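All values reported here derive from a predicted model rather than from experimental measurement. Here is how names work: the chains are called A, B, and so on, in the same order as the sequence lines, proteins then strands, and each is numbered from 1.
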Number of protein chains: 2
Amino acid sequence: MPQDRAPTRIQKKNRAAILDAALNVFSAHGFRGATVDQIAAEAGLSKPNLLYYFPSKEAMHEALLAELLDTWLDPLRALDDQGEPLTELLAYVHRKLEMSRDYPRESRLFANEIVQGAPRIYQALSEDLKTLVDDKVALLEGWMAAGRIARVHPYHLLFSIWSLTQHYADFDVQVRAVLGNEDPFDGADVFLDTLYRRLLSPRPE
Amino acid sequence: MPQDRAPTRIQKKNRAAILDAALNVFSAHGFRGATVDQIAAEAGLSKPNLLYYFPSKEAMHEALLAELLDTWLDPLRALDDQGEPLTELLAYVHRKLEMSRDYPRESRLFANEIVQGAPRIYQALSEDLKTLVDDKVALLEGWMAAGRIARVHPYHLLFSIWSLTQHYADFDVQVRAVLGNEDPFDGADVFLDTLYRRLLSPRPE
DNA sequence: TAGCTATTTGACCAACTGGTCAAACTCACG
DNA sequence: CGTGAGTTTGACCAGTTGGTCAAATAGCTA
């Protein structure tokens, strides 16, 4: 395996190629459904060569998930307690939908993992994710208490945003099968904007 | 393999046990991740005995999916053009959420299949599902044109219902990891009711 | 360019997988 | 209770899989 000195030019290139190929294969077939041979073929390398850069199939999957979870939570982290509440939330929804459009493989990698019970990522969910969510929920509750957005269950509000946006990546085949030629994301953007405006616009006592 | 006369007592019992075990295993690990041995163990039968009742692993999966898709669409079929629009839609949402709570394995079986590109069910999506959806969308458009519910993109309205309700089955681990001890479905029921009331209540011109 | 390190691979292995099959066992019914 | 159909299984097989390893090759630097 490569030494842990500074990575060489070749190491950088090959690691990146492997992770990209692994993302393709894992997101399309799940961990168990993916084969190292398939990833090797997609990366244009031999199987033993993959295992020269990563000690095991599991390690490739872990590397992807670790990198992913962080990126995935960025939009939520960016929710700004100084901003205008409704604007902030609509921007969050918009940004999450953008990620479903631009990084569907990442979304499906995550979906595969969660649907199957999060066997390799549960700890991160109940620690990192929960901590961040609890923090942002406090912010939402503050906004609701001040009457700046309508009062709804803050956790379910976040669940709804995840669910509604990731659906367009994870269930892409179904959405397109039903929608025909129409672009799903154009319609979704308008729809979600309307939905959250109506749900969250401050309402008289 | 069993003859195609009327199924015997033993056939009925074993087929049911196998399908139940297969649902457990397929929904938890995906098609590729499931093994026949695992299903056999869960069903309390030997592997060759499973293959006496079903010609292949594939056949077990197909049997489950075929049965599922029908059940899965029942709540949408039940949307009644004679009913009060908002009531009908809220009842649909409620019924779908109920299915997520009572049949999470079925939901995850379906999710596994779709996330991975629906390789074994695509045709049913683009035929049966699309036909039914197009039909119900016409109904929704009628209600919107008559001002009986607010105007939104009808396809995305249906997507949102699927997404928001199935999320509680498919992403159950994540939801519970974030929510702690609170029951997800109690909160979800109230939240979704509020959401769709605000989204769909008829609004002045 | 010599010599050392980093990279690559063909050949291989043990474990596992879906599936087969003949032989054994169990059951319903006359 | 005998008999034929229905049911069950141990032993087996060929293909696939994740992973190893020694030997070969390419790259870098003195």
Test side-chain contact (heavy atoms from CB on, under 4.5 Å), reference B:Y92, set B:L97, B:D80, B:L79, output is B:L79
What residue among B:L68, B:N24, B:L64 forms side-chain contact (heavy atoms from CB on, under 4.5 Å) with B:R105?
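That would be B:N24; it is the only one of B:L68, B:N24, B:L64 passing the side-chain contact (heavy atoms from CB on, under 4.5 Å) with B:R105.
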Given [N], is OP1 or OP2 found less than 4.0 Å from the side-chain N or O atoms of [X]?
| X | N | value |
| --- | --- | --- |
| B:Q11 | D:dT7 | yes |
| B:N14 | D:dG6 | no |
| B:Y52 | D:dT7 | yes |

Given [options], identify the nucleotide with an atom nearest to the side chain of [X].
| X | options | answer |
| --- | --- | --- |
| A:Y53 | D:dC21, C:dT7, D:dT7 | C:dT7 |
| B:I10 | D:dG27, D:dT7, D:dG19 | D:dT7 |
| B:P48 | C:dT8, D:dG10, D:dT8 | D:dG10 |
| A:L51 | D:dT8, C:dT7, D:dG19 | D:dG19 |

Nearest-Å distance, [atom1] ([X]) to [atom2] ([N])?
| X | N | atom1 | atom2 | answer |
| --- | --- | --- | --- | --- |
| B:E62 | C:dG18 | CD | P | 16 Å |
| A:F54 | D:dG19 | CZ | P | 13 Å |
| B:N49 | D:dG6 | CG | C1' | 11 Å |
| A:I18 | D:dG19 | CD1 | P | 14 Å |
| B:L50 | C:dT17 | CG | P | 14 Å |
| B:K12 | D:dT7 | NZ | C1' | 17 Å |

Which residues in residues 109-118 of chain A have at least one heavy atom lying under 4.0 Å from any atom of DNA chain C?
none
So does B:R176 pair up with B:E182, basic N to acidic O under 4.0 Å?
no
Taking the basic N atoms (NZ, or NE/NH1/NH2) and the acidic carboxylate oxygens, is any pair closer than 4.0 Å for A:R108 and A:D170?
no
Whether B:R15 engages the ring of B:F54 as a cation-pi pair (distance to the six-membered ring centre under 6.0 angstrom, angle to the ring normal within 45°) should be assessed.
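Cation-pi check for B:R15 and B:F54: passes.
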Taking only heavy atoms on the protein side, list every residue of residues 30-45 of chain A lying under 4.0 Å from any atom of DNA chain D, sorted numerically.
A:A34, A:T35, A:V36
With under 30° as parallel and over 60° as perpendicular, where do the rings of B:F31 and B:F26 fit, or are they tilted in between?
parallel
Students often mix this up, so state it plainly: with edges at 30° and 60°, are the rings of A:F159 and A:H156 parallel, tilted or perpendicular?
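A:F159 and A:H156: perpendicular rings.
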Examine distances only and state if a side-chain atom of B:N49 and a backbone atom of B:L45 form a donor-acceptor pair shorter than 3.5 Å.
no
For C:dG18, does the base pair up with any side-chain atom of B:K47 as donor and acceptor (N or O, under 3.5 Å, distance only)?
yes
Go through the steps for A:M60 and A:L50 under the test side chain to side chain contact (heavy atoms under 4.5 Å, CB included), then give the verdict.
CA-CA 9 Å; A:M60 298 174 209; A:L50 286 219; 3.8 Å; yes
